[in-house]
Amino acid sequence: TTTTTTTTTNHNSNHAAPAITTIMTGSTATIQDEFRRCFCKEHRRDICHECRTDFRMTNAVMEEEAGLRKKRTPTEEAASDYAMAVRALRGMERMSPRPTAEAFEQTQEWRKRSEAKLAELKAQGEDVETAKKLALDKELQSDNELQAFSQEMIRRHPGQREIALGGTESQKIYEQIIQPPKTKQGRGDPYTCSYCDKVDTQKMMCCSRCKTVSYCSKECQTKAWPAHKKLCAPKEAEPKNLPLTWAQVEAHQGRPATNGTLE
């Protein structure tokens with residue numbers, strides 16, 4: 001986990017927005033599951049603003065290794081590295097204080113290495129452009145989420161030049177505007193495949209046993225099953241509201257309805 005500082009700029013005015021300090025340190029107690037994914041111990045979250053931890057990237061790698069998530073191809077990995085380097089350079093331009101020249105050079109070298117790898121893969125006939133577009137779109141989404149997050153913090157704290165992200169307030173904002181809402185059954189994002197990360201505008205089919213994960217196809221569900229079955233447990237049925245009996249009503253000093261119907 002890392003600690004970074006970014007400055008967001010309000011492009012609709014001539015004034016810079018307050019610097020937003022993202023505090024994600026690894027000082028909190030953590031737990032690991034059988035797939036070596038990490039979560040904060042107190043809330044069992046992979047990203048927790050209250051505990052200031054973010055394990056999403058490392059957990060994604062662990063899920064790939066375990067078979068819970070589709071493994072990325074070399075092209076997808078190189079495209080992801082390129083997109084992250086581009087985003088990092090763009091963010092560094094807005095940072096306050098600005099990073100050192102050495103930090104800029106290291107990030108530029110990261111981008112150059114990624115570009116060279118993509119050029120090599122393209123020469124081998126790989127569809128590099130599609131992979132780059134998907135990776136850049138994903139990083140753009142992350143940028144937009146951070147911008148929305150920052151603007152909400154600014155709205156709540158007008159006039160402040162610096163706002164630290166982290167704590168109960170940050171967690172609530174994250175859950176309200178960024179984290180995909182869960183369904184009544186506790187199901188995660190129903191529009192994103194848990195295995196291949198494909199996104200759709202229609203709800204995907206969910207595991208009929210645990211009802212907590214979604215899949216875009218039977219193929220993805222089948223590939224994920226060897227690992228998912230270790231976590232899959234039947235969802236407990238919610239208790240149904242049973243009708244009251246006359247004896248129960250009378251025990252609570254109720255009076256029978258004249259038409260014989262409880263109201």
Side-chain angles (χ1 to χ4, degrees), residues 1-30 38-60 80 83-104 106-108 110-111 135-184 186 188-192 197 199 201:
T1 56
T2 60
T3 301
T4 59
T5 305
T6 61
T7 300
T8 60
T9 302
N10 185 349
H11 298 287
N12 297 322
S13 70
N14 295 323
H15 303 287
I20 303 298
T21 303
T22 304
I23 305 172
M24 290 292 175
T25 63
S27 58
T28 189
T30 61
C38 294
F39 307 88
C40 70
K41 186 174 183 179
E42 184 174 353
H43 307 98
R44 305 297 176 97
R45 297 171 181 150
D46 57 353
I47 175 172
C48 183
H49 288 257
E50 293 180 270
C51 295
R52 296 170 171 80
T53 55
D54 188 351
F55 299 111
R56 290 174 297 177
M57 289 185 67
T58 53
N59 284 355
S80 178
M84 285 192 290
V86 169
R87 182 189 178 200
L89 285 169
R90 189 166 58 238
M92 291 169 76
E93 293 287 349
R94 303 194 299 263
M95 283 185 180
S96 176
R98 288 177 63 81
T100 63
E102 182 183 4
F104 266 109
Q106 290 176 346
T107 309
Q108 288 168 343
W110 179 22
R111 184 186 64 183
L136 288 168
D137 285 348
K138 186 174 182 179
E139 293 301 321
L140 177 61
Q141 179 183 349
S142 297
D143 263 345
N144 291 338
E145 289 175 352
L146 179 60
Q147 183 72 11
F149 197 117
S150 302
Q151 292 299 329
E152 178 60 19
M153 289 293 285
I154 293 167
R155 186 187 69 80
R156 295 187 181 201
H157 302 278
Q160 289 192 21
R161 298 303 302 166
E162 289 191 351
I163 300 172
L165 302 187
T168 303
E169 183 181 38
S170 289
Q171 184 66 36
K172 287 181 179 178
I173 294 175
Y174 172 77
E175 292 172 355
Q176 289 170 1
I177 67 175
I178 297 179
Q179 185 179 47
K182 290 189 175 182
T183 64
K184 185 182 294 185
D189 183 1
Y191 300 96
T192 303
D197 280 341
V199 178
T201 56

I need the minimum non-hydrogen distance between Ala88 and Trp110, along with the two atoms involved.
CB-CZ3, 4.4 Å
Looking at every non-hydrogen atom in both residues, tell me the closest pair between Cys48 and Arg45 and how far apart they are.
SG-NH1, 3.2 Å
Please evaluate residues Glu102 and Gln106 with respect to the criterion side chain to side chain contact (heavy atoms under 4.5 Å, CB included), reporting the C-alpha separation (whole Å), side-chain torsions for both, the decisive distance (0.1 Å), and the verdict.
CA-CA 6 Å; Glu102 182 183 4; Gln106 290 176 346; 3.5 Å; yes
What residues form a side-chain contact (heavy atoms from CB on, under 4.5 Å) with Thr168, not counting sequence neighbours?
Glu50, Lys172
Looking only at non-hydrogen atoms, find the nearest pair between Phe55 and Thr58 and report the distance.
O-OG1, 3.0 Å
To the nearest 0.5 Å, how far apart are CG in Asp46 and CG in Asp54?
7.5 Å
Quick one: CZ on Arg155 to CD on Gln151, what's the gap to the nearest 0.5 Å?
11.0 Å
Restricting to side-chain contact (heavy atoms from CB on, under 4.5 Å), what partner residues turn up for Glu93, sequence neighbours left out?
Arg98, Phe104
Partner residues of Asp143 under the side chain to side chain donor-acceptor pair (under 3.5 Å) criterion, sequence neighbours left out
Arg87, Arg90
For the CE atom of Met57 and the CG atom of Asn59, what is their distance to the nearest 0.5 Å?
11.0 Å
Supply the atom-to-atom distance Ile178 CD1 to Gln141 CD, rounded to the nearest 0.5 angstrom.
10.0 Å
Asp137 meets the side chain to side chain donor-acceptor pair (under 3.5 Å) criterion, sequence neighbours left out, with Lys133
Note: Thr107 and Ala85 closest approach over all heavy atoms is CG2-O, 3.9 Å
Should Val86 and Glu139 be marked as a side chain to side chain contact (heavy atoms under 4.5 Å, CB included) after you check the CA-CA gap, both sets of side-chain angles, and the distance that decides it?
CA-CA 9 Å; Val86 169; Glu139 293 301 321; over 6 Å; no
Taking only residues two or more places apart in sequence or in another chain, which ones pass side-chain contact (heavy atoms from CB on, under 4.5 Å) with Ser170?
His49, Phe149, Met153, Leu165
Can you sort out the partners of Ser80 under side-chain contact (heavy atoms from CB on, under 4.5 Å), two or more places apart, ordered by chain and number?
Arg72, Met84
Measuring from atom CD of Glu152 to atom NE2 of His157, what distance do you get when rounded to the nearest 0.5 angstrom?
9.0 Å
Under 3.5 Å, side chain of Asp197 to main-chain N/O of Thr192, donor-acceptor pair present?
no
Looking only at heavy atoms, which two atoms of Ile47 and Tyr174 are closest? And how far apart?
CG2-OH, 3.4 Å
